[in-house]
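Okay, so here's the structure we're looking at.
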Amino acid sequence: MSKKIQTKKWDLVPLDGFPITMMDKGFVGLEECTDYGLDKQSRRSKKNKQPKKRKQSETKVKDKVVEVPQKKIKLSNGFIVETCKKITPSKANDVQEINQDIKKSTKKVKVAQVKADKVKKPKLGENIAKVTNLTKEDMLSWAEFKLPEEIVKALMEQGFKNPTKIQQLVLPAAIHGRRDILGAAETGSGKTLAFGLPILTGIMKLKEKAEQKGLDVYDIPFKKSSVKKRKEVENKKEKIKIGGKKSKDTRNNRKNNEKKVVNENIKESSEDGYSSGDENDESLTGDGVDEENNDSDFIEEIEVPFRKQKQPEENDSSDEDYVHLSDMLESDDLESDENDEDEVSDAEDDENDDNDDVDENDDEINNGVSDDEEDNGIDEVDIANGGRGCVKVIEDVSLPEQVMMKTGKPLYALILTPTRELAIQISRHLIAAAKYTGIKIATVVGGMAAVKQERVLASGPEIVVATPGRLWQLLSEGQSHLMQIPTVKFLAIDETDRMIERGHFEELQPLLERLNSEETHKNSRQNFVFSATLTMVHDLPSHMKGKKVTKRGKVLNRKIDKMTPQQKIKRLVDMIGMSDPKVVDITTKNLGAADTLTECRITCSLDQKDVYLFYILKRHPGRTIVFCNSINSVKRLAQILTLVKCNPLPLHASMPQRQRLKNLERFRDDVHGVLVSTDVAARGLDIPDVDHVIHYQVPRTAENYIHRSGRTARATKEGLTILMMEPAEAYTYSKLCRTLNKTSELPTFPVPSYQISPIRDIINLARELDSLIIKKKRLTQEQSWRERAEKEMDLIIDDDDVISPEFKSDPSIDKALKTKRKQLESMLARPLFPKGFSYKYPTLNEPNALQVTSDEKALEVMKKAIQSGELKKEKRKGKNAPLLKLEKIFKNKKML
Ligand SMILES: Nc1ncnc2c1ncn2[C@@H]1O[C@H](COP(=O)(O)OP(=O)(O)OP(=O)(O)O)[C@@H](O)[C@H]1O
């Protein structure tokens, strides 16, 4: 044994159970080296160059070890046996531990850093922290709504100096009038806070009232002033009828009295529209003492400028034909209820069949990819969650017995949305506004752990923002906080038209039944119904019109009419249980699209769509959403765009929820991000500064067109939407234009024809590569499936059935893949739009040359094109003017 080894510290290893035979051969014992001396200061090893900190901790360890070996016995066979009271832990291990400690601490620092980075990054729906220099004085335009200070402070921090138009019109009626609201305004106009602020304010006032009066919130008789006002007037009328005299004079007096009583009662009701039981009683017994009519808050709401004044230069009459919500609610259509039941349900059928019809059509337009999962609501199915998502057929579900739950933490408000992302976004918008109020908001959506959501619900949040599927699930399981749903004081349904579409949210009907199960609570609940497309109705599909031949060959004359907007709204009001809703409709002839949106189209063959899309993405980079009609189209397009290095972020309903949110956040953080999505992202998503929305396929409904397009041009910003259309989509396109009251076609986006050919080569190559990849994938899948099946079933395969090795990994495919990949890489490495390029070109869609500078935005290009188109029209008119004049003179002469 070398000297080196001898100097080491050795420890005895017990030999219990060791074979005796070995002992016979002179084997007496075993020792283990407990100290390799790696930490010795004298040694010139790299390990000696340890940071100070490490050395310190080592010395500490050293200090701890005081035991030294007591006896050393050298055995005849050369082994050394030594005894010691305590085993000194190896310093080598210490070093290791220390190293681990250091690693751990650096890891911790890194994790903390990553966490800090994450903290800095706002989540979806969170406002990117702006530094606003707003002061309290700047917020004066909010003063008239008497919002609580805490809310104004939060709005100030977000830089919301003024209310948006819809907020301006909704807040007085909602906060002071406590009216139900039917709100329609263009996309991106701030509808979320138009219902969010009254809800937050209402909750704060309710809490305050309960505290002041020492009442339980549950016990506050919660009357809507509008309902109360009507009842009071009716009561008074009744009283006067019984006891009043018939003379003219007294009738006049009575009229005056009536007026006074109304005013007085209104004055007596609390200013905020919430009343305690005492107040209510007092008001009913009021004798009509003369008082000044100084509180007209609840008598009439602020007049809403419903109709946009027609500009003299506007020569289309679309706004004339446009029926506003206010017109609808005043119309007789809404007042009659029973007679039009059948018509309504027929019209509903049509709406559904309309979709079916388009589906048939759509099979031709989805690039030949079959859309099994698609859509008609199926887009909402959460496959990862066992199909449990927004679409579920409710059959004989018995809910736990309805009991009036008093958990001590009332559920004040329920907000329903059609998609999970929207629910999350709304929650975050409300959380930001409620920052200083202490109001808690919970999000209940599918695709995420239900347990977590249950835990949050157990803490008793005042507001729940939910999608119908998960909400119904938790309610069915008897979640105690949700059992208070029938007593909620506020209900908001965002994107309501989508929510009530038949076949889309089967859970909504039973949910509404549950919400409306108690008449008193239903009547006192304040309802908010919002969408940009509340009034839009579709044309009947062709197969629904005219005659129908039954299976037995009988010819039926169908009397199916298109659902009127009035019927649609009436159905909605009835379904939700609204009473005397205040209508705020500020949509214009654009039918829900923002005024700042520039619309255009690209007409090309189906085969060319990818080419034109690639051109737009490369030539005009910017934050772009590409909408497809089906999940399969999204997958295919995302694959092609990945191959041509556009870094697309796919988004569709069969993706895991986490990935969906991640992709949305990545998209938000990338100024050149490309989101390829189904209509799951069409509604409500508020991603700032989206430059372009591209409809890769003509959307199935006009609503979808409006909502998809509304992802750009938000909150007064400008944006561009491009509709890509191939010949087979012409019918859907014309239907879309009809529903949108378009009197002229969408203008064409200018694309230079000669710039397209190199791009076409790239796309063709990418497609070839894509089909090779799919082929290879299929082969691999098939092979692994066979192998698994063989294993599982313990099959013995005939020689004939064995896959030949060259078929297993087709070398020709691999080779072709390699070459094509290389080819594509080199093509992509070349500049697509070389410098020095004049940018003067004849365009395919716009035959006249256009001046485009290299860094021009697509929006600018389009605006120029529209302008030059207008100019040309004017010119043409100008050119023909003398001729027309002559013709007129000639005609006049003839007449004479
Ligand atoms: N008073 C305000 N001042 C400035 N910005 C506001 C104000 N209110 C809301 N916003 C911002 O406007 C944007 C659009 O708001 P919101 O998402 O509520 O629009 P929306 O009308 O619901 O749109 P959509 O119809 O697409 O759902 C959001 O980024 C929001 O933060």
Side-chain angles (χ1 to χ4, degrees), residues 122 124-130 132 134 138-145 147 151-152 154-171 181 183-200 415-419 421-433 435 465 492-499 528-534 536 584-587 590-597 625 627 664 668 679-690 693 703-717 719 721:
L124 182 75
E126 273 174 0
N127 273 326
I128 296 157
K130 299 173 225 164
T132 59
L134 293 183
D138 294 322
M139 302 300 283
L140 285 178
S141 50
W142 293 96
E144 61 173 297
F145 313 119
L147 295 173
I151 294 180
V152 178
L155 293 175
M156 187 172 81
E157 279 187 6
Q158 290 180 73
F160 296 170
K161 190 177 172 192
N162 299 305
T164 63
K165 197 172 171 192
I166 184 83
Q167 291 161 4
Q168 235 165 28
L169 298 171
V170 165
L171 295 186
I181 305 286
E186 70 267 25
T187 49
S189 56
K191 293 188 286 293
T192 310
L193 287 186
F195 63 78
L197 294 180
I199 292 178
L200 291 175
I415 298 168
L416 294 172
T417 77
T419 65
E421 286 80 3
L422 185 53
I424 293 166
Q425 181 186 291
I426 289 177
S427 292
R428 293 202 173 131
H429 281 189
L430 293 187
I431 289 168
K435 192 174 170 187
V465 187
I493 306 188
D494 199 19
E495 309 294 353
T496 319
D497 54 329
R498 161 90 175 157
M499 295 283 284
F528 298 89
V529 159
F530 277 86
S531 179
T533 50
L534 268 186
M536 204 170 275
V584 184
D585 177 9
I586 54 167
T587 50
N590 289 345
L591 291 171
D595 289 338
T596 46
L597 178 75
I625 307 184
F627 279 108
L664 275 173
R668 180 204 53 197
D679 284 322
V680 78
R683 285 197 184 236
L685 281 191
D686 182 50
I687 292 162
D689 304 320
V690 172
V693 164
E703 284 99 324
N704 280 357
Y705 174 78
I706 294 288
H707 289 284
R708 283 176 174 188
S709 304
R711 294 322 96 209
T712 181
R714 295 178 73 72
T716 68
K717 283 180 191 145
T721 179

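Ligands are counted one by one from 1 in listed order, and the atoms in each one are counted from 1 as well. This chain uses plain numbering: 1 for the first residue, then up along the sequence.
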Part of Arg711 with heavy atoms under 4.0 Å of ligand 1, whether side chain, backbone, both or neither: side chain

Residue list, side-chain hydrogen bond (donor to acceptor under 3.5 Å, both in side chains) with Thr187, at least two apart or on another chain: none

Backbone, side chain, both or neither: what part of Ser189 comes under 4.0 angstrom of ligand 1, heavy atoms only? both

So the atoms of ligand 1 within less than 4.0 Å of a heavy atom of Thr164 turn out to be 1 (N), 2 (C), 7 (C), 8 (N)

With Lys161 via salt bridge (charged side-chain N to carboxylate O under 4.0 Å, His left out) - residues at least two apart: none

Should His707 be counted as touching ligand 1, given the test is an N or O pair under 3.5 Å? no

So does Ile424 get a backbone contact from the side chain of Arg428, meaning a donor-acceptor N/O pair under 3.5 Å? no

When Leu155, Thr164, Leu200, Ile426 are each screened for side chain to side chain contact (heavy atoms under 4.5 Å, CB included) with Leu193, the one that passes is Leu155

Provide the number and element of each atom of ligand 1 under 4.0 Å from a heavy atom of Glu495. 27 (O)

Quick one: look at Gln167 and ligand 1, take heavy-atom pairs under 4.0 Å, and tell me if it's side chain, backbone, both or neither. side chain

For the 3.5 Å polar cut-off, considering only N or O atoms, please tell me whether Ala715 and ligand 1 meet it. no

Out of all atoms in ligand 1, which are within 4.0 Å of some heavy atom of Arg714? Include the element for each. 14 (C), 16 (P), 17 (O), 19 (O), 20 (P), 23 (O), 24 (P), 26 (O)

Side-chain H-bond candidate by donor/acceptor type, Asp494 with Thr417, under 3.5 Å: no

Atom indices of ligand 1 within 4.0 angstrom of Thr192 heavy atoms, with elements: 16 (P), 17 (O), 18 (O), 22 (O)

Is a salt bridge present between Arg668 and Asp686, judged by a nitrogen-to-oxygen distance below 4.0 Å? no

Output yes when a side-chain donor or acceptor of Thr496 lies under 3.5 Å from a complementary backbone atom of Phe530, and no otherwise. yes

At less than 4.0 angstrom from any non-hydrogen atom of Asn162, what atoms of ligand 1 do you find? 1 (N), 2 (C), 3 (N)

Is any N or O atom of Gly188, backbone or side chain, closer than 3.5 Å to an N or O atom of ligand 1? yes

Considering Trp142, Phe160, Phe530, which one's heavy-atom position lies nearest to atom 10 (N) of ligand 1? Phe160

How far apart are the closest heavy atoms of Val465 and Ala423, and which atoms are they? CG1-O, 3.5 Å

